[in-house]
Q: 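Have a look at this one.
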Amino acid sequence: MAKLDGLKSVLDFLKGLQPKIAAQLAKKVLALNIEPLPTDSKQLKGYSEIYRVDSGEYRIIYRFLPEEDLVEILLVGKRNDDEVYKKIKRLLDK
C-alpha cells in the first residue's frame, strides 16, 4: 500500500463541489493508495513519474515514486479545458 501525499490540496478542492462529486473524487484519490497505476491512468508526455486519472469530469494529476512507495497528488481540476495542464506545467517547470 502506497503512502499518499498532497491530500490537503485535494480536500480544499473538494470543499466547493457537490457532495456526490466530492465523494467520487475522494474515492478515486484514495484508490491510488492501493493501486497507484490503475488501468485508466496515463503517463503525462514529457514527465517520467507524472500520471493522470479521470473521475467524472475531473482530472487527478499525481506523481508516483515506486522506489519510495509514494503517491503525491499534485493537482485536481476540470478535464474539459486545458487549464489543468497549464497549471501542472507551471508547477513542474519551476
Side-chain angles (χ1 to χ4, degrees):
M1 194 178 286
K3 294 175 284 204
L4 275 175
D5 193 17
L7 292 178
K8 170 126 178 53
S9 62
V10 174
L11 291 173
D12 290 343
F13 184 82
L14 295 179
K15 286 179 186 174
L17 299 177
Q18 297 173 0
K20 181 180 176 185
I21 294 169
Q24 276 181 323
L25 269 170
K27 183 178 177 183
K28 192 74 165 189
V29 167
L30 293 175
L32 293 173
N33 182 25
I34 297 163
E35 178 53 65
L37 296 174
T39 56
D40 61 339
S41 69
K42 293 197 172 127
Q43 187 172 356
L44 287 191
K45 292 178 185 169
Y47 301 101
S48 64
E49 299 170 329
I50 309 297
Y51 299 87
R52 70 163 174 85
V53 69
D54 297 337
S55 176
E57 57 186 75
Y58 293 90
R59 185 153 282 161
I60 301 160
I61 299 182
Y62 64 99
R63 177 181 288 136
F64 175 49
L65 303 170
E67 64 281 353
E68 297 176 37
D69 204 23
L70 175 69
V71 173
E72 179 185 10
I73 308 300
L74 300 172
L75 188 66
V76 179
K78 278 258 199 196
R79 16 177 284 209
N80 60 356
D81 63 15
D82 288 339
E83 189 61 31
V84 72
Y85 291 113
K86 292 175 187 170
K87 285 181 183 177
I88 201 66
K89 183 164 174 42
R90 287 193 298 267
L91 179 71
L92 296 174
D93 292 344
K94 283 183 181 176

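For clarity, every value in this text was computed on a predicted model and none was experimentally measured. Basis for what follows: all heavy atoms, side chains included, without hydrogens, waters or symmetry-related copies.
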Q: Has Lys87 got more than 12 heavy atoms of other residues, nucleotides or ligands less than 6.0 Å from its NZ?
A: no
Q: Just so I know, are the side chains of Glu67 and Glu49 near enough to count as touching, which here means a heavy-atom distance under 4.5 Å?
A: yes
Q: For Ser55 and Ile60, work out which heavy atoms get closest and say how close.
A: CB-CD1, 4.4 Å
Q: Side chains of Tyr62 and Asp5: do they bring a donor and an acceptor to under 3.5 Å?
A: no
Q: Taking all non-hydrogen atoms of both residues, which atom of Val71 and which atom of Pro36 are closest, and how far apart?
A: CG2-CB, 3.7 Å
Q: In Å and rounded to the nearest 0.5 Å, what is the NZ to CZ distance from Lys78 to Phe13?
A: 8.0 Å
Q: When you look at Lys86 and Glu83, which way does the side-chain contact (heavy atoms from CB on, under 4.5 Å) test go after all the steps?
A: CA-CA 5 Å; Lys86 292 175 187 170; Glu83 189 61 31; 4.0 Å; yes
Q: Is there a path of hydrophobic side-chain contacts, each under 4.5 Å between heavy atoms of I/L/V/M/F/W/Y residues, joining Tyr47 to Tyr51?
A: no
Q: Between Lys8, Lys3, Arg63, which is the residue that forms a salt bridge (Lys or Arg N to Asp or Glu O under 4.0 Å) with Glu72?
A: Arg63
Q: Mind checking what makes salt bridge (Lys or Arg N to Asp or Glu O under 4.0 Å) contact with Asp54, not counting sequence neighbours?
A: Arg52, Arg59, Arg79
Q: Distance-only criterion, 3.5 Å: show the donor-acceptor pairs between side-chain atoms of residues 19-29 and protein atoms not counting sequence neighbours.
A:
| from | atom 1 | to | atom 2 | distance (Å) |
| --- | --- | --- | --- | --- |
| Lys28 | NZ | Asp40 | OD2 | 2.7 |

Q: Evaluate side-chain contact (heavy atoms from CB on, under 4.5 Å) for Ile73 paired with Leu32, printing each intermediate quantity in order.
A: CA-CA 9 Å; Ile73 308 300; Leu32 293 173; 3.9 Å; yes
Q: Group every Ile, Leu, Val, Met, Phe, Trp and Tyr by side-chain heavy-atom contacts under 4.5 Å, then state whether Tyr58 and Leu30 land in the same group.
A: yes
Q: What pair of heavy atoms forms the shortest contact from Leu75 to Val84, and how long is it?
A: CD2-O, 3.3 Å
Q: Run Leu4 and Val10 through side-chain contact (heavy atoms from CB on, under 4.5 Å) and show every step you take.
A: CA-CA 11 Å; Leu4 275 175; Val10 174; over 6 Å; no
Q: Following the transitive rule for hydrophobic clusters with a side-chain heavy-atom cut-off under 4.5 Å over Ile, Leu, Val, Met, Phe, Trp and Tyr, establish whether Val53 and Leu7 coincide in one cluster.
A: yes
Q: Are Leu65 and Leu37 connected into the same hydrophobic cluster when the rule is that any two of I, L, V, M, F, W, Y join if their side-chain heavy atoms are below 4.5 Å apart?
A: no
Q: Can you name the closest pair of heavy atoms from Met1 and Asp69 and give their distance?
A: O-OD2, 3.0 Å
Q: Please tell me if the side chains of Leu74 and Leu92 come closer than 4.5 Å, counting only heavy atoms from C-beta onward.
A: yes
Q: When rounded to the nearest 0.5 angstrom, what distance separates OG in Ser41 from CD1 in Ile61?
A: 12.5 Å
Q: Verify side-chain contact (heavy atoms from CB on, under 4.5 Å) between Gln43 and Phe64, making sure each step is shown before the conclusion.
A: CA-CA 10 Å; Gln43 187 172 356; Phe64 175 49; over 6 Å; no
